[in-house]
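Dumping the structure here so I can ask a few things about it.
The figures here come from the full heavy-atom set of this structure, side chains too, leaving out hydrogens, waters and symmetry mates. From a predicted model like this one, the values you see are computed outputs, not experimental measurements. The sequence lines fix the lettering, A, B, ..., with proteins before strands; numbering per chain opens at 1.
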Amino acid sequence: MLKIYNTLTRKKEEFKPRVEGKVGMYVCGMTVYDYCHVGHARVMVVFDTVARYFRHLDYDLTYVRNITDIDDKIIQRANENGEDFNRLTERFIEAMHQDELALGVLPPDIEPKATQSIADIVRMIEVLIKNSLAYVGGNGDVFYAVSKFKNYGQLSGKNLDDLQAGERVDVDLAKRNPLDFVLWKMAKPDEPSWQSPWGLGRPGWHIECSAMSTCCLGNHFDIHGGGMDLQFPHHENEIAQSEGATGETFVNLWMHNGFVRINEEKMSKSLGNFFTVREVLKQYKPEIIRFFILSSHYRSPLNYSDEQLNEAGTALKRLYNALRGVNVAELIDIDLNSLDAIVEDRFRQGEARCYKLDFEKAMDDDFNTPVALSVLFDLARELNKAKETDHESTKVFAFTLKKLASLLGILQEDPEDFLKSSVLEDEALTNETIEQSIQTRLDAKKTKNWVLADKIRDDLKGQGVILEDSPSGQTTWRRE
RNA sequence: GGCUGCGUAGCAAAACGGUUAUGCAGUGGCCUGCAAAGCCAUCUACGGCGGUUCGACUCCGCCCGCAGCCUCCA
């Protein structure tokens, strides 16, 4: 039974889809005026893992993740660069897709863009005005009248009286209430703009998500996700807009992931303490970043540091090392379920743990990936033991490990490739050179020339290459 | 000030009202020419003070500390 923490109720709830067997999930994606940082990577990886797991449970999932490609920051950045805003957003959308691909994030089913949803946005604002929930302000902008929406604050646990508006922000005099927010913003000269009943302008920040989500998934859908910082005001405002316009419940379940931190502080653009995904990829393999993200629960804070990334790398190596030398390829066509029969039979006889059940139990508990990973490590230990003696079990364990790991989007590379590859493009030591040195060392070993053999091994170690002799006389190697 | 959430061993990170998390690091052993990897064993815990309970890291209260939101942010 899948349980998910719902921000709306602040409880874990049993997941019940609106329509049997189907799930609609909308996640707030990027505003594309810069490269993705590790915080964005976390959202992508977390909800990619959620999506993979829903599919594993045989739900017919529609996963929507939007792109906000028009807003103040985009305009500002485009002006700074002296380039057209379209060109700017296209560049960063492309960059985002590259980062996703690297991190093993499967594309969402639908990726709507704000600029392609203007008609829907305008239509929604019109309805909101008709419903007396929105008004045209003194400056021509259209605002949402927050006090007219009775449940305002339900998601973030705030009430209007507590919100002490104006304390930290200049009160916009065009608004009736300082907490009212913009739905449609009039264009200044030379700003990108679209025609509307209120004149040339552009959508406010929150309305595009209301329009895109309801258009793609219907007025009422199952799951809406995003970073914790979107809880208020963004998601609160989305509820006000969507429910105000449709009169229906907007979303059943809200999921929010925790922040990536640096030195106990939120990684954010405004603080300037962020690392972009492409920066980090220069130093670490993408799968290590993915593992690092999954090594803590999605709602917990995730502290970013080299030490942590290095540990993630070591841990991942342990898993790959366990798979090393096992011919998983010949089993690749068997699906996980047909393997269950074998495993469950052994399980019943008390011979084996049912790792798949343990894994699913962890994931069913609000996507507890740290525990799911710990099951993979238990499995790896079992596999390592089996490799010594039991051929049949070796295959079963290796296959189970790889299949379960695929639900997390890890461990799908060839172990040899993973262990031998380097992120450094200008790696001085080629694989061929290493193989040659190993051959020389093997010759030295034959004549029991331990001094030379050890020197070669030490030299290679100095260059980040670890040699491992096997009892059969073979020598394998990997990079540190 | 209002509202969230967190505080676990050397580090990271989970679960659970009574029983081994897991990974890295440490220690001892097996294996190895020696290593590495692997296996076995093992040492370090639950911020503080009270309460509930036969029993609390786990539930409740208070205190201390940290982070986040209340403004753009994933």
Q: Compare all side-chain heavy atoms of A/R202 with those of A/P192 and state whether any distance is below 4.5 angstrom.
A: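 No, too far: nothing below the 4.5 Å cut-off.
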
**Q.** Pairing partner (Watson-Crick or G-U wobble, both distances under 3.5 angstrom) of B/C59
**A.** B/G51

Q) Where the side chain of A/F377 is defined as all heavy atoms beyond and including C-beta, which of B/U22, B/A14, B/A36 is the nearest nucleotide? A)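 So the nucleotide nearest the side chain must be B/U22.
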
Q: Return yes if the base of B/A74 and the side-chain atoms of A/R42 contain a donor-acceptor N/O pair under 3.5 Å, otherwise no.
A: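 Answer no: no donor N or O sits under 3.5 Å from an acceptor.
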
(Q) Taking any heavy-atom pair under 4.0 Å as a contact, classify A/M267: base, sugar-phosphate, or nothing. (A) base

Q: Decide yes or no, distance alone: a donor-acceptor N/O pair under 3.5 angstrom between the base of B/G2 and the side-chain of A/N159.
A: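 When only heavy-atom distances are counted, A/N159 does not reach the base of B/G2 through any donor-acceptor pair under 3.5 Å.
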
**Q.** Presence of donor-acceptor pair under 3.5 Å, side chain of A/D229 and base of B/C72
**A.** no

Q | Residue A/P370, side-chain heavy atoms: nucleotide from B/C11, B/A74, B/A14 that is nearest | A |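 Of the options given, the side chain of A/P370 lies nearest B/A14.
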
(Q) Side chain of A/H297, heavy atoms from C-beta onward: which of B/G38, B/G33, B/A14 has the nearest atom to it? (A)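 Of the options given, the side chain of A/H297 lies nearest B/A14.
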
Q | Nucleotide opposite B/C46 in a Watson-Crick or G-U pair, distances under 3.5 Å | A |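 Checking every strand shown, B/C46 finds no partner, since no pair has both distances under 3.5 Å.
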
Q.
Can you check the distance between B/C3 and B/A14, where both ends of the measurement are the C1' atom (answer in whole Å)?
A. 27 Å

Q: Test A/F181 against every option in A/F149, A/F232, A/Y144 by the ring-ring contact (aromatic ring centres under 6.0 Å, His included) rule and name the one that passes.
A: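 Exactly one candidate clears the test, A/Y144.
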
**Q.** B/A13 pairs with, by Watson-Crick or G-U criteria that keep both distances under 3.5 Å
**A.**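 Pair assignment: B/A13 / none.
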
Q.
Among B/C69, B/A37, B/A74, which nucleotide has an atom closest to any side-chain atom of A/H37?
A. B/A74

Q) For B/G28, what is the paired nucleotide under Watson-Crick or G-U wobble rules, both distances under 3.5 Å? A) B/C40

Q: Would you indicate what A/S300 reaches in the nucleic acid, counting non-hydrogen atoms under 4.0 angstrom: base, sugar-phosphate, or nothing?
A: sugar-phosphate

Q: Between B/G68, B/C24, B/G23, spot the one nearest the side chain of A/F259, thanks.
A: B/G68

Q: Could you tell me which non-hydrogen atom of A/C28 sits nearest to which non-hydrogen atom of A/H224, and how far apart they are?
A: SG-NE2, 3.6 Å

Q) With a 4.0 Å cut-off on heavy atoms, is A/N257 in touch with a base, just the backbone sugar-phosphate, or nothing at all? A)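 Base, at least one base atom sits under 4.0 Å.
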
Q. Where the side chain of A/E307 is concerned, which of B/C11, B/A12, B/A36 is the nearest nucleotide?
A. B/C11

(Q) Using only modelled atom types and a 3.5 angstrom limit, is any donor from either the side chain of A/K269 or the base of B/C72 paired with an acceptor on the other? (A)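 Checked by distance alone, the answer is no.
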
Q) Is there a donor on the side chain of A/K73 or the base of B/C72 sitting less than 3.5 Å from an acceptor on the other? A) yes

Q: Look at the side chain of A/S374 and decide which nucleotide, out of B/C69, B/A36, B/A21, has an atom nearest to it.
A: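 Nearest to the side-chain atoms of A/S374, counting from C-beta on, is B/A21.
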
**Q.** Atom C1', compared across B/C11 and B/U44: separation rounded to whole Å
**A.**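 The answer is 12 Å between these two C1' atoms.
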
Q: Determine the contact category for A/N368: base if any of its heavy atoms lies under 4.0 Å from a base atom, sugar-phosphate if only primed atoms, P, OP1 or OP2 are that close, otherwise nothing.
A: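 The answer is sugar-phosphate, as A/N368 gets under 4.0 Å only of primed atoms, P, OP1 or OP2.
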
Q: Assess whether atom CD of A/Q412 is packed by more than 12 heavy atoms of other residues, nucleotides or ligands within 6.0 Å.
A: yes

Q: Under 4.0 Å between any heavy atoms, over every strand shown, what does A/S268 touch: base, sugar-phosphate, or nothing? Just pick one.
A: base

Q: Side-chain contact test, heavy atoms from C-beta onward, threshold under 4.5 Å: evaluate it for A/Q76 versus A/Y33 and give yes or no.
A: no

Q. Is the shortest side-chain N to carboxylate O distance from A/D459 to A/K455 below 4.0 Å?
A.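 Looking at A/K455 together with A/D459, the answer is yes, because their closest N to O distance falls below 4.0 Å.
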
Q: May I ask you to say what A/R261 touches in the nucleic acid, namely base, sugar-phosphate or nothing, with a heavy-atom cut-off under 4.0 Å?
A: sugar-phosphate

Q: Just name whichever nucleotide pairs with B/C34, Watson-Crick or G-U, keeping both distances under 3.5 Å, else none.
A: none

Q.
From the set B/C24, B/A13, B/A15, return the single nucleotide nearest to any side-chain atom of A/S296.
A.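 The nucleotide sitting nearest to the side chain is B/A13.
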
Q: May I ask you to say what A/G39 touches in the nucleic acid, namely base, sugar-phosphate or nothing, with a heavy-atom cut-off under 4.0 Å?
A: base

Q. With no angle test and no hydrogens, is the base of B/C39 tied to the side chain of A/R381 by a donor-acceptor pair under 3.5 Å?
A. no

Q) Given B/A67, B/A15, B/A14, which nucleotide is nearest the side-chain atoms of A/D365? A) B/A15

Q. Between B/G38, B/C72, B/G33, which one does the side chain of A/P233 approach most closely?
A. B/C72

Q: Indicate, with a heavy-atom threshold strictly under 4.0 Å, whether A/E264 touches base, sugar-phosphate, or nothing.
A: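 It contacts sugar-phosphate atoms only.
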
Q | side chain to side chain donor-acceptor pair (under 3.5 Å), paired with A/N303, selected from A/R261, A/E265, A/E264 | A | A/E264

Q) Should B/C66 form a Watson-Crick or G-U wobble pair with both distances under 3.5 Å, which nucleotide is its partner? A) B/G5

